[in-house]
Each structure stands twice: as structure tokens, then as C-alpha cells.
2 protein chains.
Amino acid sequence: MSNKTKSSYAISKQLLNRLPLYLNYLKDFADREGYISAPLIANAMKLNEVQVRKDLAAVSSSGGKPKTGFAAGQLIRDIEKFLGYDNVNEAVIAGTGHLGSALLSYKGFDEYGLKILMGFDLKDELVGTSIAGKQVLHIDKLEDVCKRLKIHIGIITVPASFAQEVCDRMVAGGILAVWNFAPVHLTVPDHVVIQNENMAASLVVLSKHLAEKLEKKEEGI
Amino acid sequence: MSNKTKSSYAISKQLLNRLPLYLNYLKDFADREGYISAPLIANAMKLNEVQVRKDLAAVSSSGGKPKTGFAAGQLIRDIEKFLGYDNVNEAVIAGTGHLGSALLSYKGFDEYGLKILMGFDLKDELVGTSIAGKQVLHIDKLEDVCKRLKIHIGIITVPASFAQEVCDRMVAGGILAVWNFAPVHLTVPDHVVIQNENMAASLVVLSKHLAEKLEKKEEGI
DNA sequence: TAGATTGTTAATCGATTAACAATC
DNA sequence: TAGATTGTTAATCGATTAACAATC
């Protein structure tokens, strides 16, 4: 029997975006020996109570107890399991400029099951160095290394103009999932998944909201 | 007369996320003197044609011409205007570690109308230095500087454990919009907008998709 | 018990997609 | 003209929220 979700509640992208929020909250504020309820989380996150309840129901192994809620420690483990934080995924990163080296250095990814093994770049002054104890190899070795180590995840932090070419090399090396930080639309074969980390889009949402606020302020009242 | 949208097509978060994608595509591939059609963009981005058409109709000042499409140069300007890329928003950043300095150094934000003026940190070895020509001041000056310069946007790249406190200081300094890179839920008054740059969530979506791929591969056909 | 909370079914809401007339 | 594309109204789809019985 496979571990499919019991109910028909879909594993939507939205759900996958909310779960890490719950997890942060639980880890920071919940007494792991105690219980926590959906209304409590909903209130803290300013989300609808039913939504949180459904989300928790979808991932909780043991369910909650009426009147008391969910065992916090178990719930944390359940969410982590659901999110796959206990399976390690190995990744490589192409582009070791500011952003690339920030990602290479970031300790927090371990927690999410992401292990960035090494970086690739084409600049001679970077190749051969190491960042946060991880080697930087020449970009020409990218395809080969991915193949040999059977890496499935590639992270792209090269300038926009190189991104497609780097992406093609990753795909040629057997990469199945690409996390793209370059502000371009990448074309990949159907069997490859792309996740765009769209900072411009984030920024736009923020500045639009801000513009509204400022307008209201000007209008008075 | 205010520049509200003509139609009732809502300015959804989704729309705001798609527009930068169109913009990238247009800038990279469109002949600015020529014309571009919704079906063409839709095809390149693998989106529904009607959706693109509606999106373009919502932002285009002059509309498109049946059979020919939209004037590419004008469309680029319209999208940029709609997204507010021509209004400069000044921002400060708290936390000048790897990620913070990557953001401080990133040239691309200009294009989006974001101007990061300076950084703040509490580490003595960082305070007084400058990153990409931008000063790093002591975090204790954050509130004061925001007030004096009437900064509206604060970017948080401090460790999770400091994020709430830094956020509070920003709010006290009159910040109205917070771009939060720390993996915690921040509590702010109603008049402040938060945009969480949720890398963990992105990563989860990616690794879930990857897991599906790998499962299918194992099952064979 | 009374009351809080869970889990689930039904109603609502909003975004996407389909259908189609208008236009160049 | 014929055909591609626009703009818009209607239908569909999916996610969120409301309502409510079950439970401790």
C-alpha cells in the first residue's frame, strides 16, 4: 500500500506553501510535549480555521483529539515527513556569484533535506576555490559530474543570459528538477520540473500593496 | 480621473506574478518595433491563450489589433508602468550576511524600481564597511534612519531568531512594507504589508514534483 | 454535562478556460 | 474575402469558507 493521502483533499501548491509556515510556527512556539489546536495556529497565522484544520488532517498520521487538538511533537514530525524533509536530495549549483555563494553557505537547507554538494562557475578566479567548504568546479564539468553522481536537482544562479545554456547542460547531465533564480523563462523537456524563484514577482506584489497604502494615506481617512 | 483598470478583471496576485514573466519574454525575444500576439506569448510560456489575452487587455493602454497583436515596445512600457517599475521605491536591508550582501550587490533591482540605500547589522566587523558601495550601519540606527529618510520598504535577511525584533524596529521607524527572507512568521500591525520570500516553500514544491517523477520512473511506465 | 475542537459535507467564491461575436 | 486575433460573456474548475454532526 502506498502512502497516498486518505481523503480527496488535493495536495495543492497552496497547501505545500502553507505547511512550512505551520512548521516554523510549531517549532518556535509549541511545547513539543503538549497539544496544539488548529484554531490556535489559524489565529497566529491569520488564516481561516477550517483551512488549517483541513491541512492538518491531510498530513497528520494520528489525527487530532476533539477538544485538545494535535500532539505537537508528532505533528511536527508528520509535517516534516510529508514535506520530505527526511529524504536527502543532492543538488549542484551553477553560478557562484553573490547569490550562488549565499545559497552554498546557507546552513538551513539541511533541515529541508537539500544538500548542495558543489558549485560550478566559468570564472578562472573562482574555479578551484571553495565556498563554505564546498568546491567550485569549472562549468564544463557540470554535465559529467551530474551524470556520475546521479544528481537530480540543479540550482541556477547565473546571469540571465547564460541561464538557458546552463539549464540545457543540466538536463543533458540527467537533472530532473531545476530551481531557477535567473529572471528568464527556461525551456525544458517535459520530464524536467522547473521551479522559478521569482524575486521580481515578489517585489511587485509588495510594491503594489505599498502603493495602495500610500494612496490611502494621501487621500486621508 | 484615476488610472484604475477599465474592466472588472481583478488585479490578482497571480496576475502580478505572470506579468514579470511576460516582460522577461518580451524584452528577450520581441522585436520592439514589431508586433507580438497573445497566442505567441502563451505558447512560449505554456500558458492558456485566453489568460494571456486577458492579462494583456488588463494592462495594455492602447489594446491590441485583431490579426496583428500588440505593439511590442508599447506593451513593454505598459507592463512596466503597471508594475510600477518607473516609480523608485527606497529600501533598507537588515542583515548583511551572505544573502543580505547578495541583495545589496544585485544590480537588477534598479530595473524594478527598488533602490536599496544601505545595510544594517550588529556585527562590529561589518559595521562601517560598505558593500557594493553601500554603507553598513549599526542596527541601532535602523529606526532613526528610516524615520529621517522616510523609507517605506524594509528587507529582512537576519537569522530567524532576530527577525521579529528587527521587524518591530522597522515598523517603529515608519516602514510600511516588509520583504522577509527569514523563515519565520512575523507579526505586524495592520497597516504594514508583509511579503514572505519563502524559499523553503519553493523548495518543497520542487522536491515534491521531483519525488513524483522518481516514483513514476521506478514504477516503469 | 457543557463546551471546545475535530472531521466532513455543502455552499461560496474567485480564477481559469471555453465559446463566440467583432474586427482588421 | 478568409483567417487570425482581439475582447468579452458564459461555463467550468478548484480552492476557500460555512455549516454541522461527532467526539472527548
Side-chain angles (χ1 to χ4, degrees), chain A residues 4-19 21-22 25-26 30-31 34-72 74-75 78-79 82 201 204-205 208, chain B residues 4-19 21-22 25-26 30-31 34-72 74-75 78-79 82 201 204-205 208:
Chain A
K4 278 184 188 150
T5 35
K6 343 148 212 207
S7 80
S8 62
Y9 188 57
I11 305 184
S12 65
K13 201 184 154 185
Q14 284 89 333
L15 169 62
L16 294 180
N17 279 303
R18 284 190 300 264
L19 287 174
L21 301 179
Y22 302 161
Y25 175 76
L26 291 170
D31 165 19
Y35 286 79
I36 189 119
S37 74
L40 208 67
I41 298 179
N43 195 260
M45 311 256 126
K46 295 187 178 171
L47 292 173
N48 181 286
E49 179 186 314
V50 181
Q51 182 162 76
V52 176
R53 215 149 68 212
K54 281 200 165 183
D55 290 350
L56 298 187
V59 301
S60 167
S61 56
S62 49
K65 280 189 205 151
K67 174 128 185 180
T68 34
F70 295 77
Q74 186 59 50
L75 188 56
D78 286 341
I79 296 177
F82 187 89
V204 161
V205 174
K208 271 276 164 186
Chain B
K4 279 187 186 145
T5 33
K6 339 144 215 213
S7 81
S8 62
Y9 188 55
I11 304 182
S12 65
K13 201 184 153 183
Q14 284 88 332
L15 169 61
L16 294 180
N17 279 302
R18 285 190 299 267
L19 287 174
L21 301 178
Y22 302 162
Y25 174 78
L26 291 170
D31 165 18
Y35 285 79
I36 190 116
S37 74
L40 208 66
I41 298 179
N43 195 260
M45 312 257 126
K46 295 186 179 171
L47 291 173
N48 181 287
E49 180 185 315
V50 181
Q51 183 162 76
V52 177
R53 217 149 67 213
K54 281 198 165 185
D55 290 349
L56 297 187
V59 300
S60 167
S61 56
S62 49
K65 279 187 205 151
K67 175 129 186 176
T68 35
F70 294 77
Q74 185 59 49
L75 188 55
D78 287 340
I79 296 178
F82 187 88
V204 161
V205 174
K208 272 276 163 186

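Note that the structure is predicted; figures quoted are calculated from it, not measured. All heavy atoms count here, side chains included; hydrogens, waters and symmetry mates do not. We name chains A, B, ... by the order of the sequence lines, and we start the count at 1 in each one.
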(Q) Side chain of A/Val50, heavy atoms from C-beta onward: which of D/dA15, C/dA19, D/dA18 has the nearest atom to it? (A) D/dA18

Q. Want to settle it: does B/Lys67 or B/Phe70 sit nearer the 5' end of DNA chain D, counting the closest nucleotide to each?
A. B/Lys67

**Q.** Heavy-atom neighbours of B/Lys208 NZ exceed 12 at 6.0 Å
**A.** yes

Q) What is the distance, rounded to the nearest whole Å, between atom CG of B/Asn17 and atom P of C/dG14? A) 18 Å

Q: Report the distance from atom CD of A/Gln14 to atom P of C/dT16, rounded to the nearest whole Å.
A: 10 Å

Q: Compare side-chain N and O positions of B/Arg18 against OP1 and OP2 of C/dT16 and report whether any pair is under 4.0 Å apart.
A: yes

Q: Take atom CG of A/Leu75 and atom P of C/dT5, then tell me their distance rounded to the nearest Å.
A: 15 Å

Q) How far apart are the closest heavy atoms of A/Met45 and A/Tyr22, and which atoms are they? A) SD-CD2, 4.3 Å

**Q.** Interatomic distance, A/Gln51 atom CD to A/Leu15 atom CG [nearest 0.5 angstrom]
**A.** 9.0 Å

(Q) The side chain of A/Pro66 is closest to which nucleotide in this list: C/dT6, C/dA19, D/dT17? (A) C/dT6

Q. In whole angstroms, how far is the P atom of D/dT17 from the NZ atom of A/Lys54?
A. 11 Å

Q: Assign A/Lys65 to base, sugar-phosphate, or nothing according to its heavy-atom contacts below 4.0 angstrom with the strands shown.
A: sugar-phosphate

Q: Begin with the C-alpha distance, continue with both residues' side-chain angles, and end with the deciding distance and a verdict on side chain to side chain contact (heavy atoms under 4.5 Å, CB included) for A/Ile41 and A/Leu26.
A: CA-CA 8 Å; A/Ile41 298 179; A/Leu26 291 170; 4.1 Å; yes

(Q) Applying a 3.5 angstrom cut-off to the pairing atoms, does DNA chain C sit in any stems of at least three consecutive Watson-Crick or G-U pairs? List them by first number. (A) C:3-24 with D:3-24

Q. Cation-pi between A/Lys67 and A/Tyr35: NZ/CZ under 6.0 Å from ring centre and within 45° of the ring axis?
A. no

(Q) Rounded to whole Å, how long is the line connecting atom NZ of A/Lys13 with atom P of C/dT16? (A) 11 Å

(Q) If I take atom CG from residue B/Leu40 and atom CZ from residue B/Phe70, how far apart are they, to the nearest 0.5 angstrom? (A) 12.5 Å

Q: Grab the CG-P distance between A/Asn48 and C/dT6 for me, whole Å please.
A: 13 Å

Q | Spatial distance of atom CD1 (B/Ile79) from atom CZ (B/Arg18) [nearest 0.5 Å] | A | 12.0 Å

Q | Within residues 34-41 of chain A: residues closer than 4.0 Å to DNA chain C (heavy atoms) | A | A/Ser37, A/Ala38, A/Pro39

**Q.** Integer-rounded Å distance: D/dA21 C1' and A/Arg53 CZ
**A.** 12 Å

(Q) Output the rounded distance in Å from CE (B/Met45) to P (C/dT16). (A) 16 Å

Q. Could you walk me through whether B/Phe82 and A/Val204 pass the side chain to side chain contact (heavy atoms under 4.5 Å, CB included) check?
A. CA-CA 10 Å; B/Phe82 187 88; A/Val204 161; over 6 Å; no

Q.
Between B/Asn43 (side chain only) and B/Pro39 (backbone N and O only), is there a donor and an acceptor less than 3.5 Å apart?
A. no

